[in-house]
Amino acid sequence: MKFKVFGFHERLYQWIAFISVVLITTGCVAYYLVLKDYSATGNKAANRFLIEFQDSSFIIGVVYALFLFIVGLYLSSMSSRVQNLYYHRKEQYINIKRLSEVVSVDLMHDVSDDKYVSMIILHRGFTGRLGEKKRRPYIIEDGFKYTSKYLKLEDDLLSLRSKLLELYNLKINKYIDCYSLKKKHLNVFIHDLDEFLLDINSWIDKHIEVTEIQRKAFLDYIRKLVATVSKMTRNIIETNLSLSEYMLRVLERLKTLPLG
């Protein structure tokens, strides 16, 4: 994400005006002193120059006064612009403040598969990125901007996880039907990959009734299935880690902003 609460011009316009005035003032004074020095020494070339521009000091004074007038208009215009943007900036701060609450460190610590995906979907919902355009989102993309890299990581993780879950559910339900295993529920699905892969026995106890022989055969089938989709699983883990690292960097960036 890129944060853009203050623009370059808004932050530095006073310094730009100050440096410009110092440079022009120094230049005018130096130019006047050089003309004065040439006039005092009686240099012929200088005299011809001074005769041609005998009213140089008057011209310098007029130009300098005009320059100060323009600088004054510039400062007044920028000051008015910044003042008029107060409510807009307030809205940006509110959005970034809400973003920092949605993407919190506490949520990042709990990176189990189901809860992590739920956090991404929640994040999308709060920022109006779930296709619902009629309602005003809780967090408007104003004051920050999603980068293409971040959006791709989100899409890749959700897409890969969806495909892997679909594959597991298809294969497991096919196995259950093929061997006439008794289901404890009408529909047997895997919702959390971590919960399923880390404790398959508990998943079996929750969803199907099996004998010890059937359990052993089912576990062997799952191990073979896990091996066949290892590449897809590895891609999900790598994408998950990349997204986590990216979000942690965002959190560090949010800490540097004066959100109150």
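For the numbers below, each heavy atom of this structure counts, side chains included, while hydrogens, waters and symmetry mates do not.
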Are any side-chain N or O atoms of [X] and backbone N or O atoms of [Y], one a donor and one an acceptor, separated by less than 3.5 Å?
X: T233; Y: V229; result: yes
X: N169; Y: F189; result: no
X: S244; Y: N240; result: yes
X: T228; Y: L225; result: yes

Spacing of [atom1] belonging to [X] relative to [atom2] belonging to [Y], to within rounding of 0.5 Å:
X: I24; Y: F67; atom1: CD1; atom2: CZ; result: 5.0 Å
X: E245; Y: L241; atom1: CD; atom2: CG; result: 6.5 Å
X: D199; Y: K206; atom1: CG; atom2: NZ; result: 8.0 Å
X: M247; Y: H123; atom1: CE; atom2: NE2; result: 5.5 Å

Tell me, yes or no, whether the heavy-atom count around [X] atom [atom1], taken from other residues, nucleotides or ligands under 6.0 Å, exceeds 12.
X: K184; atom1: NZ; answer: yes
X: L23; atom1: CG; answer: yes
X: E209; atom1: CD; answer: yes

Any ion pair linking [Y] and [X] (charged N to carboxylate O, less than 4.0 Å)?
X: D155; Y: K152; value: no
X: D192; Y: R161; value: no
X: D220; Y: K216; value: yes

[X] versus [Y]: any side-chain heavy-atom pair under 4.5 Å?
X: L153; Y: S242; result: yes
X: L219; Y: I204; result: yes
X: I236; Y: K163; result: no
X: N173; Y: K183; result: yes
X: I190; Y: E195; result: no

Legend entry - Residues that L181 engages under side-chain contact (heavy atoms from CB on, under 4.5 Å), provided they are two or more places apart: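 L181 satisfies side-chain contact (heavy atoms from CB on, under 4.5 Å) with Y175, I176, Y179, I208, V210, Q214, F218 only.
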Is there a path of hydrophobic side-chain contacts, each under 4.5 Å between heavy atoms of I/L/V/M/F/W/Y residues, joining [Y] to [X]?
X: L68; Y: I16; answer: yes
X: M232; Y: V117; answer: yes
X: V188; Y: L167; answer: yes
X: M119; Y: Y138; answer: yes
X: L193; Y: Y221; answer: yes

Inset, instruction - List for me each residue that meets ring-ring contact (aromatic ring centres under 6.0 Å, His included) alongside F196, sequence neighbours excluded, and say none if there are none. - result: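 Counting only residues at least two positions away or on another chain, F196 forms a ring-ring contact (aromatic ring centres under 6.0 Å, His included) with Y168, W203.
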Quick one: closest heavy-atom pair of [X] and [Y], and the distance?
X: I222; Y: I200; answer: CG2-CD1, 3.3 Å
X: L197; Y: V226; answer: CD2-CG2, 3.7 Å
X: V71; Y: A17; answer: CG1-CB, 4.1 Å
X: Y146; Y: E141; answer: N-OE2, 3.0 Å
X: A227; Y: S230; answer: O-OG, 3.1 Å
X: H207; Y: H185; answer: CD2-CD2, 3.8 Å

Legend entry - Over-ring placement of R98 relative to F126, 6.0 Å and 45° cut-offs: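 No; the conditions do not both hold, so R98 does not lie above the ring face of F126.
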Inset, instruction - Apply the test side chain to side chain contact (heavy atoms under 4.5 Å, CB included) to residues R129 and E154: give CA-CA distance (whole Å), side-chain angles for both, the deciding distance (0.1 Å), then the verdict. - result: CA-CA 11 Å; R129 293 183 294 125; E154 266 193 0; 2.8 Å; yes
Inset, instruction - Please go through L186's hydrophobic cluster and name the other residues, only I, L, V, M, F, W, Y counting, with side-chain heavy atoms under 4.5 Å joining them. - result: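 ILVMFWY cluster around L186 holds nothing else.
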Legend entry - Donor on one side chain, acceptor on other, S20 and Y74, under 3.5 Å: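 No - no donor-acceptor pair under 3.5 Å links their side chains.
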